[in-house]
Amino acid sequence: MAQAKSTNWRNLITVVSIMILVGAEVFGVAISAGWAIAGLFELGAIVGYVLMGLFSLLAVYFLVNLWRRCVAVEPLAE
């Protein structure tokens, strides 16, 4: 019978903390970049929201890749 893997709480807390810190930074940059580009080129509110959405999708992609790399280095199960 296979033994159940236990959670490594120290690694889990480390990875979640990194994701919160980096996620706040990345989404802040995504939202402000969309707002700034739309304002700089006077593209209007709708285009600004679209740019914010597109940049936020890039931020999600970045965070998913970061999660995969963090879990590869800091395994969550022993």
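Using a 4.5 Å cut-off on side-chain heavy atoms (C-beta onward), Phe62 and Asn65 make no contact.
Residues Val71 and Val64 fall within the same hydrophobic cluster, defined by Ile, Leu, Val, Met, Phe, Trp and Tyr side chains chained together at heavy-atom separations under 4.5 Å. Taking hydrophobic clusters as Ile, Leu, Val, Met, Phe, Trp and Tyr residues chained together by side-chain heavy-atom distances below 4.5 Å, Leu51 does not share a cluster with Val60.
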Which side-chain N or O atoms in residues 25-49 pair as donor and acceptor under 3.5 Å with protein atoms at least two apart or in another chain?
from  : atom 1 : to    : atom 2 : distance (Å)
Ser32 : OG     : Gly28 : O      : 2.8
Ser32 : OG     : Val29 : O      : 3.2

Show me the side-chain donor-acceptor pairs of residues 6-24 shorter than 3.5 Å, one per line, residues at least two apart or across chains.
from  : atom 1 : to    : atom 2 : distance (Å)
Ser6  : OG     : Glu78 : OE1    : 3.4
Asn8  : OD1    : Arg10 : N      : 3.4
Asn11 : ND2    : Pro75 : O      : 2.9
Thr14 : OG1    : Arg10 : O      : 2.9
Ser17 : OG     : Ile13 : O      : 2.7

Residues Phe55, Leu58; criterion side-chain contact (heavy atoms from CB on, under 4.5 Å); working and verdict: CA-CA 5 Å; Phe55 291 151; Leu58 287 172; 4.1 Å; yes
